[in-house]
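Step one of this worksheet: look at the structure below.
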Amino acid sequence: MASSLLSRTLLGHRLIRFSSSLPHNPLIFSNLFNKREFCVQAESYHTTYKASGQPSRLMASAAIEIRSNFSTQSLSTNDPVVSVDWLHANLREPDLKVLDASWYMPDEQRNPIQEYQQVAHIPGALFFDVDGISDRTTKLPHMLPSEEGFAAAVSALGIHNKDGLVVYDGKGIFSAARVWWMFRIFGHDRVWVLDGGLPRWRASGYDVESSASSDAILKASAASEAIEKVYQGQTAGPLTFQTKFQPHLVWTLDQVRRNIEEKTHQHIDARSKPRFDGAAPEPRKGIRSGHVPGSKCIPFPQMLDASQTLLPADELKKRFNEEGISLERPVLTSCGTGVTACILALGLHRLGKTDVPVYDGSWTEWGAESDTPVDTSS
């Protein structure tokens, strides 16, 4: 199977190569990530293949116009998202890696790795397993792994500290925000979420791959094996990625418990209002309903528009103001399992609050404990 996947991948690469017809007058552009200069011929063209399989010739002048609008601009780490147009223009940059971090709730009955391998993913994207690259010492879902485990898994994916990373998921902005937060936790700021994710990419008419290369499959498998080895006390291959843990970006149960009394941080819960109020049962068995005393509810969809892209700053400010959240004071976020809390952190990051911690265990941990206080609004 791997050989057939590889042959199809090589064929796909041949189909999208630039034409050998390259006339005079090259244009010079600055590489976004390492400031290297490279040449593009002004009058060349290339052939692309859409998902329908029908070829279409695109004049390089159009491609160059797009590239000049995006490649020569420095990405800001203050804005946590990039557009699909920007990614399309920069997809082949050598120091840019794209991660498919799709993850779904159990009741959605969707298999992210299967969809990545057999349905659709952005060309060249690597698969980042949210459940797999996690702490092996707890029963809580996809908890943050150790520094050693994260470094081993990410190195197995072929990621280096010099790389810029764009993370996306299959829902728009959902689990990609969690992986954005994970990389920042481990000291990597050159990471962005793809605004609107795979749905917006496809709606924009950009190509997808419907089969994974053997290399991508092997890397995904190697990442899972690497983190497993670390937790078994074994050496897990050469490291290409060095971590620098940022403890202020993640909170524990004890910190949240202390915050109830100390109130140093405003606590925002990203779950739905019925779950927050205790009117709806939790999706996981054995978890009490309700919320942490003193916390406020801003369901994560309020950070997004109808196309699942992050709201502009003025709209985001309005959402927080409506719930009485002061942007002048520290904020803590939580949710069900530490995934959608990262979407709140993403929105706050756009507003300049780049130091928002996420309660990693979130309600799955808090609601399962027998001695944690719980409030309801019903």
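Everything quoted here is computed from the prediction, not taken from an experiment.
- Gln232 CD: more than 12 foreign heavy atoms inside a 6.0 Å radius.
- Looking at Arg136 and Tyr231, their side chains never bring a donor and an acceptor atom within 3.5 Å of each other.
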Can you give me every donor-acceptor pair (side chain of residues 349-359, partner residue at least two apart or in another chain, under 3.5 Å) with its distance?
{"from": "His349", "atom 1": "NE2", "to": "Thr77", "atom 2": "O", "distance (Å)": "2.8"}
{"from": "Arg350", "atom 1": "NE", "to": "Asp79", "atom 2": "OD1", "distance (Å)": "2.9"}
{"from": "Arg350", "atom 1": "NH1", "to": "Leu310", "atom 2": "O", "distance (Å)": "3.3"}
{"from": "Arg350", "atom 1": "NH1", "to": "Leu311", "atom 2": "O", "distance (Å)": "2.9"}
{"from": "Arg350", "atom 1": "NH2", "to": "Asp79", "atom 2": "OD1", "distance (Å)": "3.1"}
{"from": "Arg350", "atom 1": "NH2", "to": "Asp79", "atom 2": "OD2", "distance (Å)": "3.2"}
{"from": "Lys353", "atom 1": "NZ", "to": "Leu327", "atom 2": "O", "distance (Å)": "3.2"}
{"from": "Lys353", "atom 1": "NZ", "to": "Arg329", "atom 2": "O", "distance (Å)": "3.0"}
{"from": "Tyr359", "atom 1": "OH", "to": "Glu365", "atom 2": "OE1", "distance (Å)": "2.8"}

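- For Ser224 (side chain) and Gly132 (main-chain N/O), no donor-acceptor pair under 3.5 Å exists by modelled atom type.
- Between the side chains of Asp254 and Thr252, no donor-acceptor pair of N or O atoms lies under 3.5 Å.
- A side-chain donor from one of Tyr206 and Asp85 sits under 3.5 Å from a side-chain acceptor of the other.
- Between Arg275 and Glu282, at least one side-chain N (NZ, or NE/NH1/NH2) sits under 4.0 Å from a carboxylate O, which counts as a salt bridge.
- The pair Asp314-Lys318 fails the salt-bridge criterion, with no side-chain N (NZ, NE, NH1 or NH2) lying under 4.0 Å from an Asp/Glu carboxylate O.
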Enumerate donor-acceptor pairs with a distance under 3.5 Å from any side-chain N or O in residues 298-307 to protein atoms, sequence neighbours excluded.
{"from": "Asp305", "atom 1": "OD1", "to": "Ser307", "atom 2": "N", "distance (Å)": "2.9"}
{"from": "Asp305", "atom 1": "OD1", "to": "Ser307", "atom 2": "OG", "distance (Å)": "2.9"}
{"from": "Asp305", "atom 1": "OD1", "to": "Gln308", "atom 2": "N", "distance (Å)": "3.2"}
{"from": "Asp305", "atom 1": "OD1", "to": "Thr309", "atom 2": "N", "distance (Å)": "3.0"}
{"from": "Asp305", "atom 1": "OD1", "to": "Thr309", "atom 2": "OG1", "distance (Å)": "2.8"}
{"from": "Asp305", "atom 1": "OD2", "to": "Thr309", "atom 2": "OG1", "distance (Å)": "2.6"}
{"from": "Ser307", "atom 1": "OG", "to": "Arg200", "atom 2": "NH1", "distance (Å)": "3.4"}
{"from": "Ser307", "atom 1": "OG", "to": "Thr309", "atom 2": "OG1", "distance (Å)": "3.3"}

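- Lys229 has no carboxylate O lying under 4.0 Å from a charged side-chain N of Glu148, or vice versa, which leaves the two without a salt bridge.
- Under the 4.0 Å criterion applied to side-chain N and carboxylate O atoms, Arg271 and Asp269 are assigned as salt-bridge partners.
- Using modelled atom types, one finds no donor on one side chain facing an acceptor on the other under 3.5 Å when comparing Thr376 with His291.
- Aromatic ring orientation, Phe150 versus Phe128: tilted (interplanar angle from 30° to 60°).
- Ion pairing between a basic and an acidic side chain is recognised when a charged N comes within 4.0 Å of a carboxylate O; Glu323 and Arg319 show no such pairing.
- Asp277 and Ser377 form a side-chain donor-acceptor contact under 3.5 Å, judged by distance and modelled atom types alone.
- For NZ of Lys317, the number of neighbouring non-hydrogen atoms (other residues, nucleotides, ligands) closer than 6.0 Å is 12 at most.
- Residues satisfying the salt bridge (Lys or Arg N to Asp or Glu O under 4.0 Å) criterion with Arg257, sequence neighbours excluded, are Asp371.
- A single hydrophobic cluster is seen to contain both Val179 and Met105, as judged by linkage of ILVMFWY side chains at heavy-atom distances under 4.5 Å, directly or through other members.
- Residues Leu249 and Leu346 share a hydrophobic cluster, clusters being chains of Ile/Leu/Val/Met/Phe/Trp/Tyr side chains in contact below 4.5 Å.
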